[in-house]
Amino acid sequence: MYSELQKKLEERLRAVLRSQYQIEPEKIVIEQPPEVAFGEYALPLAFELARKLRKAPRKIAEEIVAALGSVEGFIAFEVAGAGYINARLDRGLAAHTVAAGGEVPAPEQPIHSLVEHTSINPNKAAHVGHLRNAILGDTFVRLLRAAGQKVDVQNYIDNTGVQVADVVVGLMHLEGLTLSSIEALMQRLAAEGRRIDYYCWDLYAKTSQWYEADPAQKEARRKLRLDTLHAIEHGGNETAEIAEIISTAVLRRHVETMLRLGIEYDLLPRESEILHLHFWDMAFEQLKDKGVLYFETEGKNKGCWVMTRPGAVRNSGTDRTGEPLREENAESSDASDGPDEDAKVIVRSNGTVTYVGKDIAYHLWKFGLLGRDFAYRRFFDYPNHTCWISAATGEPGHPHFGGAQAIYNVIDSRQSDPQANVIEALRGLGYTDQAAHYTHFSYEMVALTPRCALELGYEVSEEDRARPYIEVSGRKGFGVKADDLIDKLIAATRSEVDSRHPELATAEREAIAKAIAVGALRYFMLRYTRNTVIAFDFKDALSFEGETGPYLQYAVVRTRSIFRKAGITPDEALADAASIDAAPYLSGEGSEGIWEVWLRAAKTTLLLDQCIQTAEPAYLAKHAFQLAQDFSNFYRRHHILTEEDPARKKLLLATAAVTQRELIRSLSWLGIDAPEAM
RNA sequence: GGGCGAGUAGCUCAAUCGGAUAGAGCAUCAGCCUUCUAAGCUGAGGGUUGUGGGUUCGAUUCCCGCCUCGCCCA
């Protein structure tokens, strides 16, 4: 409702500016006033026009207000302060519209998007940093789907990388295991109820230390590591088979862990298939043809195929049609004929392809530009759909993957450089439209506070103790495992639910505890904007008061309780609202805090748009919190069930109903369930 | 050395394209459960927005210098 009327107001303003002043501004700023007392929309445009028109802002504002006349849905335009124009909504009409509405308008042409998130190396347990990634990604998927987009969810698996190799080295050379004894190990772990990803967590840390432990052996161990990596990349040998078994088992654990938080995937594309199906060869041809890559013949990158970095000035290699060099760049750069030492190496002089190279090929596939596809096998069954995995030879019945119009890669900010290189390569190949729809959904890492690290029993240096946070490290086995955190959260909510609701059945208490735990965790990860480093602390993460998920759930639970006792459903309450004149209850004496709820509720779709535009789910988290806050305020001031004026009671019930509807909707986009009781 | 990001209340974070009195939560203190769930509510204290300039009707926001921290690249 709110954004529709905003658009209407903007159109009317444009018409006025055109006829009054012959002005066609590019953008008209429409703000939300700091207080509802100022109205529902605030327009600072008179300030801007003042200079252009050489008139006092207040005078201009008065002229615009006079010219605006009446606009449907609005009851007044006022000049305030030094020249603001405040617009007031017809509250009664607005409430009726909000009560009747609630659907997000579907787009005329749904976009096919692809979101890649999670992407944990399958050699250890998921930790809190991975949770932030998966929760951000999953929430964004829900937002895109809410806006009517067709979204594929992919979790990229680097199953042939150095991290998997490290665990394989640990299994084969530290533990002395063979293919068959590893299978026995896995059965034993399963029988003991131990998690294979936890086992690998420890082994990975142990192996990493082992490489460095003996200076005399360092070189030999480094070679062993490299040989193992090459054997895995090459495939068709026992080492590769061990890697396949162990990485698949760990991957399955990751999928299970994320499912605890309601996170599901459609496809797990793997590095092994990108290698074995020779995606790179296809990409390499294109890159050479279009001159994106050039062969370096001198300098430190001699013998490599390299690519100019984004924003850098080309001063070596083949020609490339493109933007002319800007003069200031040409001057500031070293204009000598020497090689571009800053160029990004894509193929090393020994012929191996870098990570960025393989990523370019993969992203060509994502946009349907590679000319080759994966084969697919079933991997995991969710209640409502199947998650597929890439394979060299597939099985029938799989959906079509790839060929997206827009892609979002949820990858932490440390990888912004390689991500920028991939985008630059696409642009260089002439795929400018695809490059423009490639979003590096960047976010900052989750680190541990020194206090948290000490709490977990890690050694913390003097230096680290003074820092606000310490980076987690899988290599060091330093971090908070995702399942441990979820277990801990559920234990905390469970004991609280048990003491509050001894009358409920065990299964019911369990379900409530789980919903609250997941709500707390997901909200915790979503309340920070993406470029804020989260310094993780159990005290904050295990908090259920204040700006937390449970606070929002609690507001919903209160509305549920009201409707249970009132003996009607929220839908009935919303329908009833149409039969009354709401306006008298939405302003003036005795209306405090009611309109605020309606206005906030009306803004949900506006927030959905903003979140998608900015790729920032935190705005919706904040919005839902504020709606819950507005409701709590309303709840305290107006006692619904004992209200004697029947019309007013209908309005109060509708207020609770609209709160419930918008909160549940927002929460579902955040991946949070609202329980019946808590 | 180059690039990116950050610095806001005791702590953790917001602040939409440059707008009205810089807002929340936590913590502290003082209150509110025989009335719809107190995982809640009310109130109080708490700010030179790192620092120095500039741009203008107006700067946490934009520009320049400096300081501190983090990450990435060589």
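By convention in this document, chain letters (A, B, ...) are assigned in the order of the sequence lines, proteins followed by strands, and residues within each chain are numbered from 1. The basis for the numbers below is simple: all heavy atoms, side chains too, and nothing from hydrogens, waters or symmetry mates. Since we're looking at a predicted model, the values are computed, not measured.
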I'd like a list of close polar pairs between nucleotides 41-44 of chain B and the protein, N/O only, cut-off under 3.5 Å.
residue, atom, partner, partner atom, Å
B/rC41, OP1, A/Tyr551, OH, 2.7
B/rC41, O2', A/Arg636, NE, 2.8

query = Tell me: OH of A/Tyr469 to P of B/rU68, nearest whole Å?
reply = 16 Å
message = Regarding A/Leu607, tell me which of base, sugar-phosphate or nothing describes its non-hydrogen contacts under 4.0 Å with the strands shown.
response = nothing
ask   = Are A/Tyr2 and A/Tyr41 close enough that their ring centres sit under 6.0 Å apart?
value = yes
task = Not counting sequence neighbours, which residues clear side chain to side chain donor-acceptor pair (under 3.5 Å) with A/Ser632? List them please.
result = A/Tyr551
For A/Tyr408, all residues meeting side chain to side chain donor-acceptor pair (under 3.5 Å), sequence neighbours excluded = none
ask   = Honestly, is A/Arg530 close enough over A/Phe441, meaning NZ or CZ under 6.0 Å from the six-membered ring centre and within 45° of the axis?
value = yes
note = Across all chains, not counting sequence neighbours, the salt bridge (Lys or Arg N to Asp or Glu O under 4.0 Å) partners of A/Arg558 are none
request  = Kindly express the pairing pattern of RNA chain B in dot-bracket notation, using | wherever a base pairs with another strand and counting only Watson-Crick or G-U pairs under 3.5 Å.
outcome  = (((((((..((((.....[...)))).(((((.......))))).....(((((..]....)))))))))))).
message = Quick check on B/rC41: syn or anti? Syn means the glycosidic torsion is within 90 degrees of zero.
response = anti
query = How would you list, by chain and number, every residue that makes a salt bridge (Lys or Arg N to Asp or Glu O under 4.0 Å) with A/Glu643, sequence neighbours excluded?
reply = A/Arg648
key: Nearest-angstrom distance from the residue atom CZ of A/Arg51 to P of B/rG18   = 14 Å
Hey, what are the protein-to-nucleotides 72-74 of chain B N/O distances that come in under 3.5 Å?
residue, atom, partner, partner atom, Å
B/rC73, O2', A/Arg309, NH2, 3.3
B/rA74, O3', A/Lys300, NZ, 2.3

ask   = Closest to the A/Val497 side chain: B/rA39, B/rC36, B/rC13?
value = B/rA39
task = Using only side-chain N and O atoms of A/Tyr619, determine if any of them is under 4.0 Å from OP1 or OP2 of B/rA15.
result = yes
inquiry  = Just to be sure I understand the rule, does A/Tyr554 reach a base, reach only the sugar-phosphate, or reach nothing, if contact means heavy atoms closer than 4.0 Å?
reply    = base
ask   = Counting any heavy atom closer than 4.0 Å, what does A/His638 reach on the DNA or RNA strands: base, sugar-phosphate only, or nothing?
value = base
query = Under 4.0 angstrom, heavy atoms only, what part of the nucleic acid is A/Val345 near: base, sugar-phosphate, or nothing?
reply = nothing
message = List the residues meeting ring pair (Phe, Tyr, Trp, His ring centres under 6.0 Å) with A/Tyr554, not counting sequence neighbours, and say none if there are none.
response = none
request  = Please determine, for the side chain of A/Arg527, which listed nucleotide (B/rA39, B/rC36, B/rU12) has the closest atom?
outcome  = B/rU12
key: Qualifying ring pair (Phe, Tyr, Trp, His ring centres under 6.0 Å) pairs, either residue in residues 627-652 of chain A, two or more places apart   = A/Phe631-A/Phe634, A/Phe631-A/Tyr635, A/Phe634-A/His638
Listed partners of A/Glu471 passing salt bridge (Lys or Arg N to Asp or Glu O under 4.0 Å), at least two apart = A/Arg414
task = Describe the nucleic acid contact of A/Asn421 in one word from base, sugar-phosphate, nothing, applying a heavy-atom distance below 4.0 Å.
result = nothing
ask   = Rounded to whole angstrom units, what separation is found between the CD atom of A/Glu644 and the P atom of B/rU35?
value = 18 Å
Under 4.0 angstrom between A/Thr532 side-chain N/O and B/rA14 OP1 or OP2 = yes
ask   = Rounded to whole angstroms, how far apart are CG on A/Asn531 and P on B/rU16?
value = 13 Å
ask   = A/Asn409 side chain to A/Ile411 main-chain N or O, any donor-acceptor pair under 3.5 Å?
value = no
Parallel, tilted or perpendicular: rings of A/Phe625 and A/Tyr523 (30°, 60°) = tilted
message = The criterion is side chain to side chain contact (heavy atoms under 4.5 Å, CB included); which residues satisfy it with A/Glu592, sequence neighbours excluded?
response = A/Arg637
query = How would you label the contact of A/Ala677 with the nucleic acid (heavy atoms, under 4.0 Å): base, sugar-phosphate, or nothing?
reply = base
ask   = Which part of the nucleic acid, if any, lies within contact of A/Ile516, taking any heavy atom under 4.0 Å across all strands shown: a base, the sugar-phosphate backbone alone, or nothing?
value = base
request  = Please list, chain by chain and in numerical order, all residues satisfying salt bridge (Lys or Arg N to Asp or Glu O under 4.0 Å) with A/Asp673, sequence neighbours excluded.
outcome  = none
inquiry  = With hydrogens left out and only the distance checked, is there a donor-acceptor pair under 3.5 Å joining A/Arg500's side chain and the base of B/rA39?
reply    = yes
key: Out of B/rU16, B/rA14, B/rA24, whichever nucleotide has its closest atom nearest the side chain of A/Gln610   = B/rU16
message = Once you apply a heavy-atom cut-off of 4.0 Å, does A/Ala42 come out as touching a base, just sugar-phosphate, or nothing?
response = base
note = Looking only at B/rA14, B/rA20, B/rG70, the nucleotide nearest the A/Pro33 side chain is B/rA20
ask   = With a 4.0 Å cut-off on heavy atoms, is A/Glu545 in touch with a base, just the backbone sugar-phosphate, or nothing at all?
value = sugar-phosphate
request  = Return the value, rounded to whole Å, for the distance between atom CG of A/Asp540 and atom P of B/rA27.
outcome  = 10 Å
